[in-house]
Amino acid sequence: MSAVQPVRGTHDLIGEQQRRHAHVIEAARRVADRYGFEEWTTPIFENTAVFARSLGDTSDVVSKEMYTFTDRGGDSLTLRPEGTAAVCRALITNGLTQSLPQKVFYAGPMFRYERPQKGRYRQFHQIGAELIGPGEPLADAEAITMGRDVLAALGVADEVTLELNTLGDLASRAEWRAALVCYFSDYRERLSEDSQLRLERNPLRILDSKAPEDRLIANSAPALDLFLNDESRRFWDELRRGLDAFGVNYTINPRIVRGLDYYSHTAFEFVTTRLGSQGTVLAGGRYDGLVAEMGGPQTPAIGWAGGVERLAMLLDEPPPVVAPIAVIPLGSEAECMAIHLLNQLRSAGLRAEMAYRGNLKKRMERANRIGASHVVILGEIELTRGIVQLRDLSNGRQQEIKPENVVEVLCQVERAEQQV
RNA sequence: GCGGACGUAGCUCAGCUGGUUAGAGCGCCGGUUUGUGGUACCGGAGGUCGCGGGUUCGAGCCCCGUCUUCCGCCCCA
């Protein structure tokens with residue numbers, strides 16, 4: 001394998017890719033801020049136990065899909081495969097279980113040893129939000145609404161639909177699970193090979209199996225609805241009332257499940273049909289059991305994570321680039337003046353660049369290539385006359401103005417453009 | 001982990017049943033006189049045909065292996 005080849009499933013973010021990526025994160029950050037969420041940055045690796053414990057030691061995921069390694073001190077470390085467990089660990093180690101609620105936003109790289117596909121990479125990026133402390137269904141509704149607002153801010157709200165389900169509380173869920181195992185066991189022989197395995201490890205997943213032979217059986221499986229206790233039913237009703245109040249549209253999809261036991265009540269996914277089989281763009285749920293499972297006090301929590309790569313692909317238009325102003329001096333005396341002008345333009349908050357070499361033609365070409373909106377030309381002639389040439393590259397109009405007016409004129413132009 | 005498809009210049013691709021120095025468009029660089037970009041014209045650079053084996057007088061093209069990307073499945077914390 002060549003040394004200049006990137007590692008399988010990793011990719012460089014350059015140019016438009018990087019701009020799309022940054023745009024997604026910045027939009028999410030702004031929305032999170034409006035909701036009163038604070039950004040946390042946790043390490044990209046943790047003691048393996050942080051993730052192993054949150055996932056259950058027997059899980060396939062732990063052994064097959066985590067980037068785990070032993071460091072020089074002999075400790076087992078793991079590149080984080082998701083954000084929630086790390087945030088919960090940070091909550092506990094910083095003693096913040098004493099000051100709830102915590103409203104946390106995060107963004108950063110995650111790592112999973114998976115077979116790459118479009119929208120599925122070994123190093124990928126997520127934005128996420130965790131609302132830790134409140135156990136009320138309105139908290140779920142608000143968290144979901146915040147996710148919707150992120151999608152709306154990105155202009156992709158019309159591309160996705162919100163699919164919603166409840167898993168019931170821990171007791172309801174356990175009863176339902178037992179009933180499913182019982183039901184599916186009767187049809188064991190007729191289930192797909194994969195689902196026969198799922199029956200042992202993760203029976204809920206049979207419900208969203210894609211195998212045709214499973215579909216008929218799964219569609220007639222006992223519904224959770226039959227097992228919801230009063231408490232769970234009340235929660236589910238209030239969640240939907242809350243979403244209605246927040247003005248969030250959704251469809252109920254009983255096939256949305258979560259494998260792990262600490263999940264309860266709310267499960268949701270914003271999905272699109274535009275990304276093939278990696279159509280889930282932002283998803284989450286309630287995990288009232290996780291903080292306790294990690295050694296903290298019993299703490300209710302709801303959260304979600306969104307895939308930055310998938311969202312970036314969904315953006316129709318790449319984020320616009322701010323057109324710079326090109327300053328073109330001719331001659332060393334003019335260069336001094338140009339540098340002064342550059343400082344002024346940048347101090348005024350404008351994007352300004354200067355080319356170091358080439359004749360006027362070359363520098364004009366370069367100005368055009370970097371997408372400059374205007375060019376300021378100052379050479380010997382201009383110096384002696386005490387003016388500069390200001391050329392609008394969009395229409396070729398060129399005017400002579402005094403150097404001291406350049407910043408003001410260009411600021412006015414920018415203000416005018418922002419209003420359009 | 002399983003099944004399948006692709007892999008030729010920076011990018012998008014062509015290359016007929018294996019036959020001499022591998023092509024196009026876009027992009028890039030230079031030029032169309034000396035201080036004016038974008039459109040036009042002329043010219044130029046740039047390719048281990050993913051990599052490694054094999055068959056053949058001869059392989060971009062056939063065979064085997066391998067890697068990447070992509071499409072399903074598994075998984076989806």
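Sequence lines set the chain letters: A, B, ... in the order given, protein chains first and strands last, and positions in each chain run from 1.
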In whole angstrom, what separates [X]'s [atom1] from [N]'s [atom2]?
{"X": "A:Asp194", "N": "B:C74", "atom1": "CG", "atom2": "C1'", "answer": "6 Å"}
{"X": "A:Glu380", "N": "B:G35", "atom1": "CD", "atom2": "P", "answer": "11 Å"}
{"X": "A:Glu65", "N": "B:C73", "atom1": "CD", "atom2": "P", "answer": "15 Å"}
{"X": "A:Leu360", "N": "B:U36", "atom1": "CG", "atom2": "P", "answer": "6 Å"}
{"X": "A:Glu193", "N": "B:G1", "atom1": "CD", "atom2": "P", "answer": "18 Å"}
{"X": "A:Trp304", "N": "B:C76", "atom1": "CH2", "atom2": "P", "answer": "22 Å"}
{"X": "A:Tyr106", "N": "B:A77", "atom1": "OH", "atom2": "P", "answer": "12 Å"}
{"X": "A:Ile14", "N": "B:G10", "atom1": "CD1", "atom2": "C1'", "answer": "12 Å"}

Within the side chain of [X], is there an N or O that forms a donor-acceptor pair under 3.5 Å with the backbone of [Y]?
{"X": "A:Asn202", "Y": "A:Arg198", "value": "no"}
{"X": "A:Arg351", "Y": "A:Ala323", "value": "no"}
{"X": "A:Ser232", "Y": "A:Asp169", "value": "yes"}
{"X": "A:Arg215", "Y": "A:Leu207", "value": "yes"}
{"X": "A:Arg363", "Y": "A:Pro329", "value": "yes"}
{"X": "A:Asn359", "Y": "A:Lys362", "value": "yes"}
{"X": "A:Lys103", "Y": "A:Tyr35", "value": "yes"}
{"X": "A:Arg310", "Y": "A:Gly119", "value": "yes"}
{"X": "A:Arg122", "Y": "A:Gly9", "value": "no"}

Using a heavy-atom cut-off of under 4.0 Å over every strand shown, decide if [X] touches base, sugar-phosphate, or nothing.
{"X": "A:Gly396", "value": "base"}
{"X": "A:Arg363", "value": "nothing"}
{"X": "A:Ile377", "value": "base"}
{"X": "A:Gly9", "value": "sugar-phosphate"}
{"X": "A:Asp208", "value": "nothing"}
{"X": "A:Tyr263", "value": "sugar-phosphate"}
{"X": "A:Ser195", "value": "nothing"}
{"X": "A:Gln278", "value": "nothing"}
{"X": "A:Ile381", "value": "base"}

Roughly how far apart, to the nearest Å, are [N] and [M] at atom [atom1]?
{"N": "B:C71", "M": "B:G15", "atom1": "C1'", "value": "26 Å"}
{"N": "B:C73", "M": "B:C26", "atom1": "P", "value": "40 Å"}
{"N": "B:G53", "M": "B:C67", "atom1": "C1'", "value": "15 Å"}
{"N": "B:U48", "M": "B:U34", "atom1": "C1'", "value": "45 Å"}
{"N": "B:G47", "M": "B:A22", "atom1": "P", "value": "12 Å"}
{"N": "B:A59", "M": "B:C49", "atom1": "P", "value": "12 Å"}
{"N": "B:G7", "M": "B:C51", "atom1": "C1'", "value": "11 Å"}
{"N": "B:C6", "M": "B:A45", "atom1": "P", "value": "34 Å"}

Is [X] close enough to [N] that one of its side-chain N or O atoms is under 4.0 Å from OP1 or OP2 there?
{"X": "A:Gln117", "N": "B:G72", "result": "yes"}
{"X": "A:Arg205", "N": "B:C76", "result": "yes"}
{"X": "A:Ser277", "N": "B:C71", "result": "no"}
{"X": "A:Asn202", "N": "B:C74", "result": "no"}
{"X": "A:Lys118", "N": "B:C70", "result": "no"}
{"X": "A:Arg120", "N": "B:C70", "result": "no"}
{"X": "A:Arg8", "N": "B:U68", "result": "yes"}

- Query: Among B:C75, B:G37, B:C67, which is the nearest nucleotide to the side chain of A:Gln5?
  - Reply: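 Among B:C75, B:G37, B:C67, the one nearest the side chain of A:Gln5 is B:C67.
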- Task: From the options B:U36, B:C74, B:G1, select the nucleotide whose nearest atom is closest to the side chain of A:Lys210.
- Result: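 Nearest to the side chain of A:Lys210 among the choices is B:C74.
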Measure the shortest side-chain to side-chain distance between [X] and [Y] over non-hydrogen atoms and say whether it is less than 4.5 angstrom.
{"X": "A:Leu180", "Y": "A:Ile206", "result": "no"}
{"X": "A:Thr10", "Y": "A:Tyr121", "result": "no"}
{"X": "A:Leu91", "Y": "A:Val104", "result": "no"}

- Within 45° of the ring axis of A:Phe227 and under 6.0 Å from its six-membered ring centre, is that where the NZ or CZ of A:Arg173 lies?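 No; the conditions do not both hold, so A:Arg173 does not lie above the ring face of A:Phe227.
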- Item | Residue mapping more 5' on RNA chain B - nearest nucleotide basis, A:Asn359 or A:Arg198 |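 Counting from the 5' end, the first nearest nucleotide belongs to A:Asn359.
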- More 5' along RNA chain B: A:Leu330 or A:Tyr121, using each one's nearest nucleotide?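 Nearer the 5' end of the strand: A:Leu330.
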Protein-nucleotides 26-32 of chain B N/O pairs closer than 3.5 Å?
{"unit_1": "B:C29", "atom_1": "OP1", "unit_2": "A:Arg369", "atom_2": "NH2", "d": "3.4"}
{"unit_1": "B:G31", "atom_1": "OP2", "unit_2": "A:Lys362", "atom_2": "NZ", "d": "3.4"}

Regarding [N], can its base be found pairing with the side chain of [X] as donor and acceptor, where the two atoms are less than 3.5 Å apart?
{"X": "A:Glu382", "N": "B:G35", "value": "yes"}
{"X": "A:Asn368", "N": "B:G38", "value": "no"}
{"X": "A:Gln398", "N": "B:U36", "value": "yes"}

- Can you tell me which stems RNA chain B forms, taking runs of 3 or more consecutive Watson-Crick or G-U pairs with both distances under 3.5 Å?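 As far as RNA chain B goes, consecutive pairing (with distances under 3.5 Å) yields the stems B:1-5 with B:69-73, B:10-13 with B:23-26, B:28-32 with B:40-44, B:50-54 with B:62-66.
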